[in-house]
There are 2 protein chains.
Amino acid sequence: MKIDRDRSVRLLWEPPAEATRGPRAALSQARVVEAAIKVADAEGVDALTMRRVAETLGNTAMSLYRHVPGKSELLDLMVDAVWGETEHTPRGPWREGLEFFARQMWAMYRAHPWMLQLTTSRRMPGPQAMTRQDAAFAVVSGLGLSAEEIVAVVTTVSQFVDGVGRTMADRVQAERETGVSEDEWWNGREALWRHFTPERLPMTTRIWHAGGYERPLDEFEFGLARVLDGLRVFIEAEERTLVRKETCQ
Amino acid sequence: MKIDRDRSVRLLWEPPAEATRGPRAALSQARVVEAAIKVADAEGVDALTMRRVAETLGNTAMSLYRHVPGKSELLDLMVDAVWGETEHTPRGPWREGLEFFARQMWAMYRAHPWMLQLTTSRRMPGPQAMTRQDAAFAVVSGLGLSAEEIVAVVTTVSQFVDGVGRTMADRVQAERETGVSEDEWWNGREALWRHFTPERLPMTTRIWHAGGYERPLDEFEFGLARVLDGLRVFIEAEERTLVRKETCQ
DNA sequence: TAGAACCGTGTACAACGTACACCTCGTTTA
DNA sequence: TAAACGAGGTGTACGTTGTACACGGTTCTA
């Protein structure tokens, strides 16, 4: 299938035209996307094959191609549909707003971990994803930041959530594939621990014995607090006020 | 191929036993891993097939299986081999040490962007990766942090570099696949920009017109400074000293 | 010198996305 | 009202992937 990116744009940003002729369609783009999301939620992104999606709809693989140009475009549609599920109007001062933005994103990733395996740099941005980002920009406008800085601040938060989310998503996927929980799995790695000697890994073994791996801090909560603290230092910096010549709104 | 994780451990942590019988081997585990890394560097992770690796060595696909149990294990070996390429002894006070740690990681990801597509949660950690992490722990020891906090601080930095790196890796891969640079590609998305109207995306269009997308801030530099600032707030916090009962080292 | 251990090859299979030709409907037009 | 048309869904088939399996050649050990 040749990739026509402008068709992807139409697919995402323009409502699909309704057919005026032919038999009444049992399927529809929306139903295909919905079914695909269900498959991904329940069985992971590896199980997301055209045959599997079609099967859950009671159809054959090729029937999907009447409603979706190809798998890549189906993924585009799935991603944007999920972005549309969450509220995206953070309120309040910048810190609370960004925190809300991050927590919503986090909740979404927890519900649909496969999203992180699909969001790559050139996936076509859809209206839902863009609206969400726009709302985040609004939260940090009015602080005297330049346009570039607004983008950088929001990107920093998004990228943080993506990072933590990816770790979480990998865990979820591994648990599903192996049927073994994270803790159980690592506990069963006796053959590995044997190599963790104080000579080879002095700090790691020390931390190990101090119980540093037993009750790890929540990665999301810890990291989010640090990132927001770091942004506060930047936003409230006095020197920055000098550079605020061409600010954005 | 059934997955035997304990065999993966031996593969990574114990030097391969030399054969005493049979014909002199043209291939070796090291040569296979080296060839695979070259393929991934030059052609990306998608081109990394057993057939392709074998081809660059002048052999058949199945010959690789004499030296590597399967593709998954080959990836394990590639990842750890690359971790071994860089110096991993950051020095100096904690901030400089963590910065060095982050910059080394960043340089490595720039040289081998495919690494980010292979590091998933249950990939078996190898000696090189662990040694590196151990050195990072050492950098933030002696600050009165608890064991959990040491782990959390290092994880925060690693995860930040992973996040920025992943964005960069996606870009590199997309540029290779399409043969079109990032800027060219987005500039050609006329059909997309048409939908970016002030009514739909007020902040985005405003930022756009203010030139916020023309000279974006360096994501790595901006983010790293913020993360380290955030960690400084945490490390130097006075209240934290009260909780420092069971510190590590 | 026989046999065991090891190296590399060729063939084959199951899954994947999807191109293609086809039949079956329902609507539109003459 | 009949013919033409366009759309929905199916079945078959192909190329690509990882890798199981059986085989033949090579070199050291008993």
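Since the model is a prediction, treat every value here as computed from it, not as a measurement.
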A/R31 bridged to A/E34 by N-O distance under 4.0 Å
no

Would you say A/R176 has more than 12 foreign heavy atoms packed within less than 6.0 Å of its CZ?
yes

I need a per-nucleotide contact map over nucleotides 21-30 of chain D, read 5' to 3'. Cutoff is protein heavy atoms under 4.0 Å; write B for the base, S for backbone only, - otherwise.
B---BBBBS-

Pairing donors with acceptors under 3.5 angstrom, does anything connect the side chains of A/Q128 and A/E85?
no

Between A/S63 and D/dG9, is there a side-chain N or O to OP1/OP2 distance below 4.0 Å?
no

Kindly state whether the ring of A/F196 and the ring of B/W13 have centres lying under 6.0 angstrom apart.
yes

Pick the closest DNA chain C nucleotide for B/L64 and for A/K71 by heavy atoms, then say which residue is nearer the 5' end.
B/L64

Does anything in residues 27-59 of chain A come within less than 4.0 Å of DNA chain D? Heavy atoms only, and list the residues if so.
A/L27, A/R51, A/N59

Using distance alone, with no hydrogens and no angle criterion, decide if A/T155 and B/E219 have a side-chain donor and acceptor under 3.5 Å apart.
no

Over all heavy atoms of both residues, which pair between A/S158 and A/M105 is shortest? Give the atoms and the distance, please.
O-CE, 3.6 Å

Once you round it to whole Å, what is the distance between C1' of C/dA19 and OH of A/Y65?
10 Å

Are a donor atom and an acceptor atom from the side chains of A/D46 and A/Q173 found within less than 3.5 Å of each other?
yes

Checking C/dG8, C/dT18, D/dT19 against the side chain of B/A26 (C-beta onward), the nearest is C/dG8

B/T167 and A/Q159: side-chain donor and acceptor closer than 3.5 Å?
yes

A/H67 vs D/dG9: side-chain N/O to OP1/OP2 distance below 4.0 Å
yes

